[in-house]
2 protein chains.
Amino acid sequence: MITIYDIAEKANVSAMTVSRVINNSGRISEATRKRVRKVMEELNYIPNSMARGLVLQKTKLLSLLITDITNPFYTTIARGAEDTAKRSGYKLLFGNSDEDYVKEKDYVEMILSTRVDGVLFAPTGDASLEQLRQLQKHGIPFVILDREVPGIETDVVLGDSKDGARKLVEHLIGLGHRRIALVNGSPDVSTARLRYTGYREAHLLGGLPLDESLVVSLNYREFQDEASLQALLSLPSPPTAIFAANNLLAVGIIGALRQRGLSVPEDVSVVCFDDFGPAETVNPFLTVASQPAYQFGALGMQLLIERIENGPGSENRKIMLPSELLIRSSTRTWDR
Amino acid sequence: MITIYDIAEKANVSAMTVSRVINNSGRISEATRKRVRKVMEELNYIPNSMARGLVLQKTKLLSLLITDITNPFYTTIARGAEDTAKRSGYKLLFGNSDEDYVKEKDYVEMILSTRVDGVLFAPTGDASLEQLRQLQKHGIPFVILDREVPGIETDVVLGDSKDGARKLVEHLIGLGHRRIALVNGSPDVSTARLRYTGYREAHLLGGLPLDESLVVSLNYREFQDEASLQALLSLPSPPTAIFAANNLLAVGIIGALRQRGLSVPEDVSVVCFDDFGPAETVNPFLTVASQPAYQFGALGMQLLIERIENGPGSENRKIMLPSELLIRSSTRTWDR
DNA sequence: CTGTTAGCGCCTTCAA
DNA sequence: TTGAAGGCGCTAACAG
């Protein structure tokens, strides 16, 4: 491995001078600068960022933790975050918690031991509190994405889950549905709670009775709980529409409905949160509350960088991004 | 920041003893081990992996470079790679080159300066040669994914592009199409060349004449070249079917066709390589040659880890994974 | 403008 | 079973 000492020797200067050339710090004669640069090229020198990080106590490395790398919502966030980080000269380390509390914990440990300068954090849920406290304890700045965690104060970028949910359910009510199921994420996740609230509000405003037997809570990551769907469909008066709390749940539900010989939207209408990325444009099907994912990432990253560069003690900002109702063909009127 | 010296002091031992406890190395009395462990917990100690990496000259960090983080094909690869890496105790650093040679170069520089132990590399194309040589020069082991790079010898995991292409085109010919366009990736990418070869073979075997004016080369990342589509459609005898070399190109083409008032598959049949992930199961539409993405990632990572742990001088392995023809509803018979 | 010294946090080697 | 010395590659602080 080539070090600054190798460069120094070959260029007849001290290691310190090489360091100065690398960092453009201090005053150096144009002649030696050129000489050093040339030797660096010849020897194909690459600075060792571990050594540098060790003395500087910072790495110019940021971390983005998302909860599902196969969900287009999160990969689009990743794009936005990366573009923004790069613009400020930070490198980005992606992490994927798979909606799994244990993986999240592992990941935070790695973050801590890698000594990144900051973290853009999409929590798995309220239990992420422990991980976030851990980050605080070690003085790592972070910004929270998509889901609030009670007990933690920092910058946060959220979608308007309540409003989006209300819009979706009002759309269904407007189509004539009166039995609308909610297949929600876990109540340990703030977005799931807010989507429930929106669902509730739409019922109250629309004069529909609220029936708790129509509400089910699962894991956001995928729909595997056939039993709960079966229970919904076996109700004396089964739902004619289903509001899935996110895109992946919707996918699972539609598959399960079809296996039972039910078709969407003829037998059941389905709506959900979050779009599907490029794939969806081919054959737009699902009626969704679409959130501006790229902006989630870009804004979150911007807040994080400001937070890092302004040092501690900056006030906490909370940004709420609106969602847009996109009516497509997974919903239809109900007049039976 | 807590260091082993803080621990040592509080536990009344030397730093060396703490280090031994952390690494389970050397013989240590159960009593001191317990004492040290306890202090570590109390002080919330996290080892500094930069300091450790500096002396050990290895990081237990691997890097996965993909060319498009919003493409479900690559995110599924990421899943497979991550699962496998984790199982062997490696952490994974994701990178995204966006099919952009310059970003790829930046990324390799970061890899080099971070001193990762190895790289799973999906090249942007033949020009990646320079980056890969750079990795070789610095002695970083790597495995290539999805696309071959002439001039580089290492382990490589590929899909069978030629075979997949042939199957897709034969399917179209079987449906009665005789004017089949190929909207390909850049000829600088091995998969694009092989898909062209497969396209060609299907024509020869099927007794169809080959018309080069039906073949167009673009960038894999997205379809923005409206002019080339226009040129195809303006031919004296325009294509009745289009083979898009990957999923994202297909999405763009279908959108562009619709803007022109043409519908798929009524006016034009469309097929492509690579599936769309969960989204596609909702409303399966595109006829595709589906590649086992998760396995790409898992196998590639396994080869990489073996390569790292067996040291240099291991022989080069080449794995070719088959693709599967999934016939859906973007294709139909042509008998006009 | 350039060099010397010391130390970032950890582990290897050698000694006790 | 434990400890002391030295060094991984780099830069801050001070000297010249």
Side-chain angles (χ1 to χ4, degrees), chain A residues 1-37 39-40 43-61 109-117 138-140, chain B residues 1-37 39-40 43-61 109-117 138-140:
Chain A
M1 160 175 297
I2 310 289
T3 74
I4 50 171
Y5 287 94
D6 301 321
I7 312 283
E9 191 175 347
K10 205 154 177 224
N12 273 316
V13 292
S14 75
M16 201 49 231
T17 301
V18 178
S19 171
R20 289 196 179 99
V21 170
I22 294 169
N23 298 292
N24 282 315
S25 62
R27 247 139 287 281
I28 299 211
S29 80
E30 201 45 41
T32 54
R33 181 190 307 281
K34 273 205 174 111
R35 193 148 35 90
V36 171
R37 281 257 159 72
V39 177
M40 278 171 35
L43 265 44
N44 222 289
Y45 170 75
I46 304 258
N48 183 326
S49 63
M50 288 187 300
R52 169 184 277 173
L54 197 55
V55 16
L56 291 187
Q57 303 287 14
K58 57 182 172 176
T59 54
K60 276 281 172 180
L61 253 184
E109 193 143 316
M110 168 194 154
I111 284 172
L112 253 18
S113 77
T114 309
R115 304 301 198 260
V116 302
D117 294 345
H138 290 266
I140 312 260
Chain B
M1 161 176 295
I2 311 290
T3 74
I4 51 172
Y5 288 95
D6 301 321
I7 312 283
E9 191 175 346
K10 204 156 175 217
N12 272 317
V13 292
S14 74
M16 203 45 236
T17 302
V18 178
S19 170
R20 289 195 180 100
V21 171
I22 294 170
N23 299 293
N24 282 317
S25 63
R27 248 140 287 282
I28 299 212
S29 80
E30 201 45 42
T32 54
R33 182 191 306 282
K34 273 207 174 109
R35 193 150 33 91
V36 171
R37 280 259 158 72
V39 177
M40 278 172 32
L43 265 44
N44 222 288
Y45 171 75
I46 304 256
N48 183 326
S49 63
M50 288 186 301
R52 167 183 278 173
L54 199 54
V55 12
L56 292 187
Q57 303 287 13
K58 58 183 171 173
T59 54
K60 276 281 174 183
L61 252 185
E109 193 143 314
M110 168 194 154
I111 284 173
L112 254 18
S113 76
T114 309
R115 304 301 197 258
V116 302
D117 294 346
H138 290 265
I140 313 258

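Proteins get letters first, then strands, A, B, ... in listed order; numbering begins at 1 in each.
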Residues two or more places apart in sequence or in another chain: which of them pass salt bridge (Lys or Arg N to Asp or Glu O under 4.0 Å) with B:R33?
B:E30
Of all residues at least two apart in sequence or in a different chain, which pass the salt bridge (Lys or Arg N to Asp or Glu O under 4.0 Å) check with A:K60?
none
Estimate the overall bend of the helix from C:dC1-D:dG16 to C:dA16-D:dT1 from the end axes over five pairs each, rounded to 10 degrees.
40°
Please name the pair of heavy atoms, one in B:Q57 and one in A:M1, separated by the smallest distance, quoted to 0.1 Å.
OE1-CE, 4.1 Å
Once side-chain hydrogen bond (donor to acceptor under 3.5 Å, both in side chains) is applied, do any residues pair with B:T59, and if so which ones, sequence neighbours excluded?
B:D117
For residues 19-27 of chain A, which side-chain N or O atoms pair as donor and acceptor with protein atoms under 3.5 Å away, sequence neighbours left out?
from  : atom 1 : to    : atom 2 : distance (Å)
A:N23 : OD1    : A:R52 : NH2    : 2.9
A:N23 : ND2    : A:S19 : O      : 2.8

List for me each residue that meets side chain to side chain contact (heavy atoms under 4.5 Å, CB included) alongside A:I7, sequence neighbours excluded, and say none if there are none.
A:I2, A:V18, A:V36, A:V39, A:M40, A:L43, A:Y45
Could you give the start and end, 5' to 3', of the contact zone on DNA chain C for chain B, using atoms under 4.0 Å from its heavy atoms?
C:dG9 to C:dT13
Looking at every strand, decide which applies to B:M50 at a 4.0 Å heavy-atom threshold: base, sugar-phosphate, or nothing.
nothing
Of B:T17 and B:Q57, the one whose closest DNA chain D nucleotide lies more 5':
B:T17
Sequence neighbours left out, what passes side chain to side chain contact (heavy atoms under 4.5 Å, CB included) with A:L54? Give chain and number order.
B:N48, B:A51, B:L54
Does OP1 or OP2 of D:dA4 have a side-chain N or O of B:S14 closer than 4.0 Å?
no
Is B:T32 close enough to D:dT2 that one of its side-chain N or O atoms is under 4.0 Å from OP1 or OP2 there?
yes
Using a 4.0 Å cut-off on protein heavy atoms (strictly under), produce a 5'-to-3' string for nucleotides 10-16 of chain D with B for base contact, S for backbone-only sugar-phosphate contact, and - for none.
BBBBB--
Set of side chain to side chain contact (heavy atoms under 4.5 Å, CB included) partners for B:N12, sequence neighbours left out:
B:R35
Does A:S113 have any side-chain hydrogen bond (donor to acceptor under 3.5 Å, both in side chains) partners at least two apart in sequence or in another chain, and if so, which?
none
Residues at least two apart in sequence or cross-chain that pass side-chain hydrogen bond (donor to acceptor under 3.5 Å, both in side chains) with B:T32, listed by chain then number, are B:S29
